[in-house]
Amino acid sequence: MKRPLIIANWKGYVADVEEACVATRVLARGAKKIAADMVVCPPAPFLVSVANIAARASVAVGAQTISSTTEVKATGEITAQAVASLGVKFVLVGHSERRARGESNEDVCAMVTLALEAKLSPVVCIGEKERGSAGEHFALIEQELRESLPKMSPRDAKSLVIAYEPVWAIGKTSADAMTPENLEETTLFIRKVLADIVGRAQALQTPVLYGGSVESDNAEHLMRAGVSGFLVGHASVDPKSLLAIASAAAHFSATPKRNKKHAS
Ligand code: PGA
């Protein structure tokens, strides 16, 4: 049984270091009892404090972005090396909220390369702004995947994570999330394109997460689509709600296959 991967993207919701530390402690305590791998991505100024707490727990830490430049004369940039030196293991790359601020596939590709060099697992975010009835979103997803991923060694490919987040589903309620049927079709498509980039065997192993209005009441339902876990935004801020999502995903993964179609 593969443990689901649950990544908390705190964005700017957590704006106080004490609040970040308290939430990390609650998560650390709760995560011990759940068969899921958990990662918390706090705002950059809190990475040190959160990483210190998480180092003693079974929760990993991720950054919300890194710089795409290797230039040292780049005031204010947060480099992959600096982030990795804190014990951080993951980094979100190309989140739609960053792409909306001008990040291109080329920038994302540069960040993935730098993350891999620094031994960070890049969580590469892709997803369409809207769904057309003619399936145009598949072409966009394919283009984002192909242009955002650099050529990588089989070893580097092992640390890759893909997060599929349709932009239209982000920041709403569970009722607005994608249907498991549409998600399953898209997940299969992503794995097919990935197979072409990293090889079939690796593509089957690469975690493909879903993000966009995942809440505790739709998590188990969405797991039916064959995703490996979730990238959770607003519902990750309250540690109890994140633990409930992780627990639902873990419960689904532990359910024998023959019963999965009856899971709700
Ligand atoms: P949401 O955000 O869970 O609030 O929809 C997900 C994300 O943007 O990563």
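Read the numbers this way: they start at 1 and go in the same order the structure lists the ligands and their atoms. Note that the numbering runs from 1 along the sequence shown for the chain.
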Sub-3.5 Å N/O-N/O distance, His95 and ligand 1
yes
For the residue pair Ala248 and Ala219, what are the closest heavy atoms and their distance?
CB-CB, 4.0 Å
Element-labelled atoms of ligand 1 that are located less than 4.0 Å from some non-hydrogen atom of Gly171:
1 (P), 4 (O), 5 (O)
State the atoms of ligand 1, each with its element, that fall below the 4.0 Å cut-off from a heavy-atom position in Gly233.
1 (P), 2 (O), 3 (O), 4 (O), 6 (C)
Is the closest side-chain heavy-atom distance between Glu103 and Val93 below 4.5 Å?
no
Ligand 1 N/O within reach of Ile170 N/O, cut-off under 3.5 Å:
no
Under 3.5 Å, is there a donor on one side chain and an acceptor on the other for Ser174 and Asp217?
yes
Could you list which atoms of ligand 1 come closer than 4.0 Å to a heavy atom of His234?
1 (P), 3 (O), 4 (O), 5 (O)
So is Gly211 touching ligand 1 or not, going by heavy atoms under 4.0 Å?
no
What I want to check is whether the side chains of His95 and Gln64 have a donor and an acceptor closer together than 3.5 Å.
no
Atom indices of ligand 1, in the order listed, that fall short of 4.0 Å to a heavy atom of Leu231:
9 (O)
Would you please classify the geometry between the Tyr210 ring and the Phe230 ring as parallel, tilted or perpendicular, with 30° and 60° separating the classes?
perpendicular
So is Lys11 touching ligand 1 or not, going by heavy atoms under 4.0 Å?
yes
Taking 4.0 angstrom as the limit and counting only heavy atoms of Gly212, give me the atoms of ligand 1 inside it, by number and element.
5 (O)
Taking the side chain as every heavy atom from C-beta outward, state whether Leu188 and Arg191 have any pair of such atoms under 4.5 Å apart.
no
Atoms of ligand 1 close to Asn9 [distance to a heavy atom under 4.0 angstrom, numbered from 1]
9 (O)
Any heavy atom of Ala235 closer to ligand 1 than 4.0 angstrom?
no
Using a 4.0 Å cut-off to any heavy atom of Glu165, which atoms of ligand 1 qualify?
6 (C), 7 (C), 8 (O), 9 (O)
CD on Glu144 to CD1 on Ile190, rounded to 0.5 Å
10.0 Å
Donor-acceptor pairs under 3.5 angstrom involving side-chain atoms of residues 14-31: please list them, not counting sequence neighbours.
residue: Asp16; atom: OD1; partner: Glu18; partner atom: N; Å: 2.8
residue: Asp16; atom: OD1; partner: Glu19; partner atom: N; Å: 3.0
residue: Thr24; atom: OG1; partner: Ala20; partner atom: O; Å: 2.6

